[in-house]
Student: 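Take this structure first; my questions come after.
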Amino acid sequence: MAIYTRIRGFGRYLPAKVMTNADFEKMVETSDEWIRTRTGIQERHFTEEGETASTMAIEAARRVIERCGVEKEKIDAIIVATVTADMHYPSTAALVERGLGIVRHIPAFDIGAACAGFVFGLTVADALIKTGMYQTILLIGTENLSKFTDMQDRNTCVLFGDGAGAVLLEMSDEPGILASHLGTDASFSHLIELPAGGSRMPASHETVEKRLHYTRMEGQEVYKQAVKEMSEAALAAVKIAGLSIEDIRWFIPHQANTRIIETVGKRLNVPIERVFQNIAHVGNTSAASIPIALAEMEEQGLLERGQYIALTALGSGLTYGSIVFRY
């Protein structure tokens with residue numbers, strides 16, 4: 001009997017604190033019109049004191065577990081996609097396991113593929129289930145980007161938001177995840193980076209004074225590469241799945257920028273009404289963006305069993321990838 005991976009359900013968490021474009025007008029030289037025109041973002045959520053990547057992940061996990069009616073002790077593994085972990089170690093996944101009160105000694109580990117992290121994580125989880133090693137896996141994308149964003153940089157501070165999205169995956173005898181296409185073009189690894197804080201440039205007075213612990217990005221070049229790689233990855237995954245673009249009910253791109261999302265849709269020749277967007281009220285939440293979108297779509301009743309859905313993303317590295325699944 002063939003083994004497949006089925007997506008059981010979704011959960012999401014967004015911090016209560018909302019930062020509008022008007023708030024940023026008071027902080028840097030920008031305007032609501034400038035932000036909306038260039039990014040499509042109107043507001044985003046920021047963590048407050050006591051909230052971290054792991055606490056958001058735990059809350060999103062609790063919601064998907066409750067929504068699916070699954071006992072937490074049935075979970076065989078936890079995978080967390082994040083680049084804004086609470087600390088270098090232990091892993092965020094380990095903190096999630098502890099926070100959920102799971103007493104079984106299950107594997108829990110992180111994946112650091114930036115904005116493509118959820119797609120990479122879904123591919124890994126699918127492979128683990130299809131080998132027969134695990135039957136139920138909790139996959140979470142969580143990012144606390146506001147803690148790593150330079151609030152004096154008008155070009156980046158308006159882009160990012162915080163949040164977490166979780167999915168519960170289980171072994172099935174019916175097709176679920178159908179195809180995956182992943183890649184990394186390391187020749188562009190310099191385009192999005194957080195220079196200091198690692199072993200190359202440990203924290204020091206100098207790194208702090210030079211503001212090297214914040215995200216740096218070459219926006220125009222990232223835009224070009226995102227459109228190219230996200231489009232090509234989606235086409236590749238659809239082909240591997242043995243489907244056509246017309247078969248896909250929903251395309252869910254990483255919510256990076258409205259112009260990127262819409263241009264990718266045009267390249268794929270997908271009507272805009274089949275391309276989901278929620279960036280206006282969440283901003284760019286990196287590895288959390290796709291699972292947050294999926295959870296929102298489920299809440300709105302947009303997802304129906306049997307639909308074919310394609311996910312596509314690009315992140316620092318430059319990592320990119322696409323997944324096609326039957327919901």
Student: One thing to verify: whether Glu71 and Lys74 come together as a salt bridge, which I'm taking to mean a side-chain N less than 4.0 angstrom from a carboxylate O.
Tutor: no
Student: Tell me, with the steps shown, if Asn21 and Arg44 meet side-chain hydrogen bond (donor to acceptor under 3.5 Å, both in side chains).
Tutor: CA-CA 9 Å; Asn21 291 345; Arg44 70 291 287 153; 3.0 Å; yes
Student: Considering all heavy atoms of both residues, which atom of Arg249 and which atom of Gln307 are nearest to each other, and what is their separation?
Tutor: CG-NE2, 3.6 Å
Student: If you take all heavy atoms of Ala164 and Thr142, which pair is closest and at what distance?
Tutor: CB-OG1, 3.6 Å
Student: Quick one, Ser289 and Val282 - any side-chain contact, counting heavy atoms below 4.5 Å?
Tutor: no
Student: Are Ile240 and Ile129 connected into the same hydrophobic cluster when the rule is that any two of I, L, V, M, F, W, Y join if their side-chain heavy atoms are below 4.5 Å apart?
Tutor: no
Student: Given side chain to side chain contact (heavy atoms under 4.5 Å, CB included), test Ile102 with Glu73 step by step and report yes or no.
Tutor: CA-CA 6 Å; Ile102 295 177; Glu73 294 303 327; 4.2 Å; yes
Student: In chain order, what residues pass the ring pair (Phe, Tyr, Trp, His ring centres under 6.0 Å) check against Phe10, with sequence neighbours excluded?
Tutor: Tyr327
Student: Check this for me: does any side-chain nitrogen of one of Asp153 and Arg211 sit under 4.0 Å from a carboxylate oxygen of the other?
Tutor: no
Student: Are Thr47 and Lys147 close enough that some pair of their side-chain heavy atoms sits under 4.5 Å apart?
Tutor: yes
Student: State, to 0.1 Å, how close Pro253 and Val275 come at their nearest heavy-atom pair, and which atoms those are.
Tutor: CG-CG1, 3.9 Å
Student: Using only atom types and a distance under 3.5 Å, with no angle test, would you say the side chain of Asp110 pairs donor to acceptor with the backbone of Thr92?
Tutor: yes
Student: Would you check if Phe160 and Ser286 make a side-chain contact, meaning some heavy-atom pair closer than 4.5 Å?
Tutor: no
Student: Could you state the interatomic distance from CD1 (Ile75) to CD (Gln135), rounded to the nearest 0.5 Å?
Tutor: 13.0 Å
Student: Give, for atom CZ of Phe325 and atom CD1 of Ile309, the distance between the pair rounded to the nearest 0.5 Å.
Tutor: 4.0 Å
Student: Surrounding CD of Glu174 (heavy atoms of other residues, nucleotides or ligands, distance under 6.0 Å), is the total greater than 12?
Tutor: no
Student: At their closest point, which heavy atom of Leu14 faces which heavy atom of Gly163, and how far apart are they?
Tutor: CD2-CA, 4.1 Å
Student: Under 4.5 Å between any side-chain heavy atoms of Leu100 and Leu138, yes or no?
Tutor: yes
Student: Determine, stepwise, if the pair Glu232 / Lys228 fulfils salt bridge (Lys or Arg N to Asp or Glu O under 4.0 Å).
Tutor: CA-CA 6 Å; Glu232 292 180 1; Lys228 174 181 178 292; 3.6 Å; yes
Student: Under the side chain to side chain contact (heavy atoms under 4.5 Å, CB included) criterion, do Phe188 and Glu218 qualify, and how do the steps go?
Tutor: CA-CA 10 Å; Phe188 292 106; Glu218 297 181 25; over 6 Å; no
Student: Ignoring hydrogens and geometry beyond distance, is a side-chain donor-acceptor pair present between Glu143 and Thr82 at under 3.5 Å?
Tutor: yes
Student: Just by modelled atom types, is the Pro15 backbone N or O under 3.5 Å from a matching donor or acceptor in the His45 side chain?
Tutor: yes
Student: How many angstroms lie between NZ in Lys72 and CD1 in Ile65, if you round to the nearest 0.5 Å?
Tutor: 8.0 Å
Student: Decide yes or no for Phe251 and Thr312: does some side-chain heavy atom of the first lie under 4.5 Å from some side-chain heavy atom of the second?
Tutor: no
Student: Are the side chain of Thr123 and the backbone of Val119 linked by a donor-acceptor contact shorter than 3.5 Å?
Tutor: yes
Student: Working note: Asn269 + Ile245, criterion side chain to side chain contact (heavy atoms under 4.5 Å, CB included); need CA distance, chi angles, decisive distance, verdict.
Tutor: CA-CA 8 Å; Asn269 199 28; Ile245 293 295; 5.6 Å; no
Student: In Å and rounded to the nearest 0.5 Å, what is the CG to CD distance from Asn278 to Glu296?
Tutor: 4.5 Å
Student: Taking the side chain as C-beta and beyond, is there a heavy-atom pair between Tyr320 and Leu182 under 4.5 Å?
Tutor: no
Student: Do the side chains of Ile323 and Met297 join up, straight or via other hydrophobic residues, at under 4.5 Å, putting them in one cluster?
Tutor: yes
Student: If you group Ile, Leu, Val, Met, Phe, Trp and Tyr by side-chain heavy-atom gaps below 4.5 Å, do Ile252 and Ile140 land in one group?
Tutor: no
Student: Could you tell me whether a side-chain N or O of His88 sits under 3.5 Å from a main-chain N or O of Gly197, the two making a donor and an acceptor?
Tutor: yes
Student: For a quick test of reading the model, state the closest non-hydrogen atom pair linking Ser316 to Ala114 and the distance between them.
Tutor: N-CB, 3.4 Å
Student: Are the side chains of Asn284 and Asn257 in contact, using a 4.5 Å heavy-atom criterion?
Tutor: no
Student: For the backbone of Ser146 and the side chain of Asp162, can you confirm whether one donor and one acceptor N or O come within less than 3.5 Å of each other?
Tutor: yes
Student: After noting the C-alpha distance and the side-chain angles of Thr84 and Asn144, does the key distance pass the side-chain hydrogen bond (donor to acceptor under 3.5 Å, both in side chains) rule?
Tutor: CA-CA 6 Å; Thr84 55; Asn144 196 356; over 6 Å; no
Student: How about CD on Glu273, more than 12 heavy atoms from neighbouring residues, nucleotides or ligands closer than 6.0 Å, or not?
Tutor: yes
Student: Would you compute the distance between atom NE2 of His213 and atom CE of Met201 and round it to the nearest 0.5 angstrom?
Tutor: 8.5 Å
Student: Sort out for me which residue in Ile260, Thr258, Leu159 forms a side-chain contact (heavy atoms from CB on, under 4.5 Å) with Thr39.
Tutor: Leu159
Student: side-chain hydrogen bond (donor to acceptor under 3.5 Å, both in side chains) with Tyr13: which of Arg63, Glu51, Arg62?
Tutor: Glu51
Student: Before accepting this row, confirm whether a basic side-chain N of the pair Glu170/Arg6 lies closer than 4.0 Å to the acidic partner's carboxylate O.
Tutor: yes
Student: Under 3.5 Å, side chain of Thr319 to main-chain N/O of Ala113, donor-acceptor pair present?
Tutor: yes
Student: So, Thr184 side chain and Ala186 main chain: donor-acceptor pair closer than 3.5 Å or not?
Tutor: no
Student: With clusters defined by side-chain heavy atoms of hydrophobic residues (ILVMFWY) lying less than 4.5 Å apart, directly or transitively, does Met230 cluster with Ile290?
Tutor: no
Student: Using 4.0 Å as the upper bound for N to carboxylate O, is an ion pair formed by Glu59 and Arg12?
Tutor: no
Student: Passes side chain to side chain contact (heavy atoms under 4.5 Å, CB included), Met27 versus Glu25? Steps please.
Tutor: CA-CA 6 Å; Met27 297 166 56; Glu25 288 178 336; over 6 Å; no
Student: Please determine whether the number of non-hydrogen atoms from other residues, nucleotides or ligands lying under 6.0 Å from atom CZ of Arg200 exceeds 12.
Tutor: no
Student: Is there a donor-acceptor pair closer than 3.5 Å between any side-chain N or O of Thr37 and the backbone N or O of Trp34?
Tutor: no
Student: Would you say Phe118 ends up clustered with Trp250 if hydrophobic residues are merged whenever their side chains have heavy atoms under 4.5 Å apart, either directly or through other cluster members?
Tutor: yes
Student: Would you mind checking if Arg154 and Glu29 are paired as a salt bridge, meaning a charged N to carboxylate O distance below 4.0 Å?
Tutor: no
Student: When you measure from the side chain of Gln255 to the backbone N and O of Phe276, does any donor-acceptor pair fall under 3.5 Å?
Tutor: yes
Student: Nearest heavy-atom pair of Asp86 and Ala53: which atoms, and what distance?
Tutor: OD1-N, 3.3 Å
Student: Please check if any side-chain donor atom of Ser244 sits under 3.5 Å from a side-chain acceptor atom of Glu246, or the reverse.
Tutor: yes
Student: So, do Thr136 and Leu169 sit near enough that their side-chain heavy atoms are less than 4.5 Å apart?
Tutor: no
Student: Working to the nearest 0.5 Å, report the span between NZ of Lys17 and CG of Asp23.
Tutor: 8.5 Å
